[in-house]
Amino acid sequence: QVQLVESGGGLVQAGGSLKLSCAASGRTFNRHTMAWFRRAPGKEREFVAAITWRGGDEDYADYADSVKGRFTISRDNAKNTMYLQMNSLKPEDTAVYSCAATYSYRLLTTEYEYDYWGQGTQVTVSS
């Protein structure tokens, strides 16, 4: 049974940083697609970032325009864990952040293309 568990959320002031983690168990996604999505209060879930295998030891990533240059997605295959480093946080980044995974080699940005989901972790950015 696949399980994704997020951690690292919390309360931070605008301009601050947080690093989210997503630990996978049951199966590995080291050479497949994983992603972060978020849902702000009263809004639909939106894509944040995705990572997938490029070949050899390399991954490549895609980001939503709203987080480019501020957020970095990465993963540690030995730990079967994905990360989201979030810098220069803004109040509009406040949301529940969820990780997702699927057995694909494409950078997927739509939630319906993902088969496995974590429960989410709350990120609150104060102004």
Contacts satisfying ring-ring contact (aromatic ring centres under 6.0 Å, His included) that involve residues 59-91 (not counting sequence neighbours) are none
Would you call Glu46-Arg39 a salt bridge at under 4.0 Å N-O? no
Quick one: do Met34 and Val123 end up in the same hydrophobic cluster if we chain Ile, Leu, Val, Met, Phe, Trp and Tyr together by side-chain heavy atoms under 4.5 Å apart? yes
Could you go through the side chain to side chain contact (heavy atoms under 4.5 Å, CB included) check for Asp93 and Tyr97 one step at a time? CA-CA 10 Å; Asp93 293 318; Tyr97 285 71; 3.6 Å; yes
Determine whether Leu84 and Lys19 satisfy the following criterion, side chain to side chain contact (heavy atoms under 4.5 Å, CB included), listing intermediate values before the conclusion. CA-CA 6 Å; Leu84 185 68; Lys19 187 174 184 177; over 6 Å; no
Short question: side chain of Thr124, backbone of Leu11 - any donor-acceptor pair under 3.5 Å? no
How close do Val96 and Gln122 get, counting heavy atoms only, and between which atoms? CG2-OE1, 3.2 Å
If you look at every heavy atom in Val67 and Val48, which pair is closest and at what distance? CG2-O, 3.5 Å
Taking ring-ring contact (aromatic ring centres under 6.0 Å, His included) as the cut-off, I'd like each qualifying pair that reaches into residues 106-127, sequence neighbours left out, listed once. Phe29-Tyr116, Phe37-Tyr114, Phe37-Trp117
When every non-hydrogen atom of Met82 is compared with those of Ala35, the smallest separation belongs to CE-O, 3.3 Å
Does any N or O in the side chain of Thr33 come within less than 3.5 Å of the main-chain N or O of Arg106, such that one atom is a donor and the other an acceptor? yes
Do Tyr103 and Arg27 have side chains that get closer than 4.5 Å, going by heavy atoms? yes
Of all heavy-atom pairs linking Ala50 and Leu108, the shortest is CB-O, 3.8 Å
Please walk me through it: do Trp36 and Met86 pass side chain to side chain contact (heavy atoms under 4.5 Å, CB included)? CA-CA 12 Å; Trp36 290 97; Met86 306 186 293; over 6 Å; no
Hey, are the side chains of His32 and Asn30 touching, using non-hydrogen atoms and a 4.5 Å cut-off? no
Any donor-acceptor N/O pair, Gln85 side chain to Thr72 backbone, under 3.5 Å: no
Thr28 and Asn80: side-chain donor and acceptor closer than 3.5 Å? no
Is it the case that the side chains of Asp115 and Thr102 hold a donor-acceptor pair, with the cut-off being a distance below 3.5 Å and no angle test? yes
When clusters are formed by joining ILVMFWY residues with side-chain heavy atoms under 4.5 Å apart, either directly or through shared neighbours, do Val5 and Leu20 land in the same one? no
State whether Lys68 and Asp65 are salt-bridged, where the test is any N-O pair (Lys NZ or Arg NE/NH1/NH2 against Asp/Glu carboxylate O) under 4.0 Å. yes
Check the pair Gln13 / Val125 against side chain to side chain contact (heavy atoms under 4.5 Å, CB included), numbers first and verdict last. CA-CA 5 Å; Gln13 288 188 331; Val125 184; over 6 Å; no
Applying disulfide (SG to SG under 2.5 Å) as the test, list every pair that has at least one member in residues 17-125; sequence neighbours left out. Cys22-Cys99
Can you see which heavy atom on Ser17 is nearest to which on Asn87, and at what distance? OG-OD1, 2.9 Å
Looking only at atom types and distance, does a side-chain atom of Ser66 sit under 3.5 Å from a main-chain N or O of Ala64, one as donor and one as acceptor? no
Taking the basic N atoms (NZ, or NE/NH1/NH2) and the acidic carboxylate oxygens, is any pair closer than 4.0 Å for Arg31 and Asp59? no
Co-membership, hydrophobic cluster, residues Phe47 and Ile51, 4.5 Å side-chain: no
What closest approach, in Å, do Ser98 and Gly120 show between heavy atoms, and which atom pair accounts for it? OG-CA, 3.6 Å
